[in-house]
Amino acid sequence: MTTDRAEALRALHVPGDPVILANVWDAASARAVREAGFPAVATGSAAVAQVLGYEDGEGTPVGEMMAAIARIVRVVDVPVTADIERGYGLKPAELVERLAATGAVGCNIEDSTAGALVDPAEQADFLAEMRAAAGRGLVINARVDVYLRGRAFRDEAVERGRRYLEAGADCVYPIGLGDEDEIGALVNELGGPVNILFRPGVPSFGRLGELGVARISFGGGLHRAAHTYAQSLFAKVKEGLSPY
């Protein structure tokens, strides 16, 4: 079953016809996403961390993060891919084992830690070990953090992305990249599936498809929007107004 769900998730990554993943933060939001008709569910680490009372950036104890992922997997009947930051200090094989125990069949894995980029060769080795441990049972979305860290150099992003694909990653995630021309160029040069974070200023879903993108996700954006709305409800109640 796990391999079947992993292959189903992998098959959704079609360059030019991207899978859209509305990132969730708990079991209730996962149910809502599934009820809306999405073919897969993705978690967002920043959103899950906030719900659990921790800061993003691996501030969540690994046991609590894995338990949250397991609850999400339990309530949906589609593949779940989990944002697991850089792995919470676990070795690749243990990380794969802990993730498999939750029932998730995909993951995001970052190539920076404590605000600094990891050496690309070291990250490629980490990904290769994950692939060796997981076989085909895990869809690996390898994050490339050069744009997020203020180093918006396409050649570095392409070099990292190619290394990660060669190491066994299924998709490359250049988080923070939003410029239309740069997205198109990177997709063409990388030669593998690309995930783009959707946020204000990023091209439309349709345009991202035309550029060859294979996956579109929201990170913590939907949770931030939902939380802002919840804050407005609480403010109305405090003012003695009906929130409805």
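Nearest heavy atoms, Val139 versus Ala6: CG2-O, 3.3 Å. Between Val76 and Arg5 the shortest heavy-atom distance is O-NH1, 4.1 Å. Closest approach of Ala40 and Val33 over heavy atoms only: O-CG1, 4.3 Å. Taking all atoms of both residues into account, the shortest heavy-atom contact from Pro18 to Gly209 is CD-CA, 3.7 Å. Nearest heavy atom pair, residue Leu197 against residue Gly219, reads CD1-N, 3.5 Å. For the residue pair Pro243 and Val237, the shortest heavy atom distance occurs at CG-CG2, 3.9 Å.
A side chain to side chain donor-acceptor pair (under 3.5 Å) with Tyr164 is found for one member of Asn141, Asp111, Asp170 and no other, namely Asp111. Each of Val105, Val41, Leu12 was checked for a side chain to side chain contact (heavy atoms under 4.5 Å, CB included) with Val78, and the lone residue meeting it is Val41.
Without hydrogens or angle criteria, Arg224 side chain to Ala47 main chain gives no donor-acceptor distance under 3.5 Å. Under a 3.5 Å cut-off, the side chain of Glu182 and the backbone N or O of Leu177 do not form any donor-acceptor pair. Although no hydrogens or angles enter the test, the distance criterion places a donor-acceptor pair under 3.5 Å between the side chain of Thr81 and the main chain of Cys107. Under a 3.5 Å cut-off, the side chain of Arg199 and the backbone N or O of Gly176 do form a donor-acceptor pair. Looking only at distances, a side-chain donor or acceptor of Asp83 sits under 3.5 Å from a matching main-chain atom of Glu85.
Within the 4.5 Å cutoff, no side-chain heavy atoms of Ile84 are placed close to those of Ser45. You'll find the side chain of Leu186 reaches within 4.5 Å of the side chain of Pro174, heavy atoms only. Val118 is not listed as a side-chain neighbour of Phe126, based on a closest heavy-atom distance of 4.5 Å or more. Taking the side chain as every heavy atom from C-beta outward, Arg154 and Tyr147 approach each other to under 4.5 Å. You'll find the side chain of Glu58 stays beyond 4.5 Å of the side chain of Met65, heavy atoms only.
In the displayed structure, Glu55 atom CD is contacted under 6.0 Å by at most 12 heavy atoms of other residues, nucleotides or ligands.
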Discussion item. Lys91 vs Glu97, test: side chain to side chain contact (heavy atoms under 4.5 Å, CB included). Steps then yes/no.
Written reply: CA-CA 10 Å; Lys91 298 295 186 183; Glu97 182 180 5; over 6 Å; no
Discussion item. Set out, in order, the CA-CA distance, both residues' side-chain angles and the distance that settles side chain to side chain contact (heavy atoms under 4.5 Å, CB included) for Tyr173 and Arg215, then state yes or no.
Written reply: CA-CA 9 Å; Tyr173 182 13; Arg215 171 170 169 162; over 6 Å; no
Fill in: Working for salt bridge (Lys or Arg N to Asp or Glu O under 4.0 Å), residues Glu7 and Arg136
CA-CA 8 Å; Glu7 292 295 0; Arg136 295 283 293 176; 3.0 Å; yes
Discussion item. Quick one, Leu21 with Phe38, criterion side chain to side chain contact (heavy atoms under 4.5 Å, CB included). Give me CA distance, side-chain angles, the key distance, then yes/no.
Written reply: CA-CA 7 Å; Leu21 299 173; Phe38 288 85; over 6 Å; no
Practice prompt. Decide side chain to side chain contact (heavy atoms under 4.5 Å, CB included) for Val144 and Val172; before the verdict, give the C-alpha distance in whole Å, the side-chain angles of both, and the deciding distance to 0.1 Å.
Written response: CA-CA 7 Å; Val144 172; Val172 172; 3.5 Å; yes
Item to complete: Check step by step if salt bridge (Lys or Arg N to Asp or Glu O under 4.0 Å) holds for Arg163 and Glu166.
Response: CA-CA 5 Å; Arg163 279 178 177 256; Glu166 290 170 1; over 6 Å; no
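Under the 4.5 Å side-chain heavy-atom criterion for ILVMFWY residues, a single connected hydrophobic cluster contains both Val75 and Val48.
Once rounded to the nearest 0.5 Å, the distance linking CE of Met130 with CG of Leu95 reads 4.5 Å. Here CZ of Arg160 is found 8.0 Å from CD of Gln123. Values are rounded to the nearest 0.5 Å. Here His223 contributes atom NE2 and Thr228 contributes atom OG1; the two are 9.5 Å apart, rounded to the nearest 0.5 Å. Atom CG of residue Asp181 and atom CG of residue Leu211 lie 8.5 Å apart, to the nearest 0.5 angstrom. Residue Ile140 holds its CD1 atom at 5.0 Å from CG of Leu138, rounded to the nearest 0.5 Å. In this structure, CG in Asn23 is found 5.0 Å from OG in Ser217, a value given to the nearest 0.5 Å.
Between Glu110 and Arg143 there is a salt bridge, with a side-chain nitrogen of the basic residue lying less than 4.0 Å from a carboxylate oxygen of the acidic one.
Using a 30° and 60° split on the angle between ring planes, Phe218 and Phe205 fall in the perpendicular class, above 60°.
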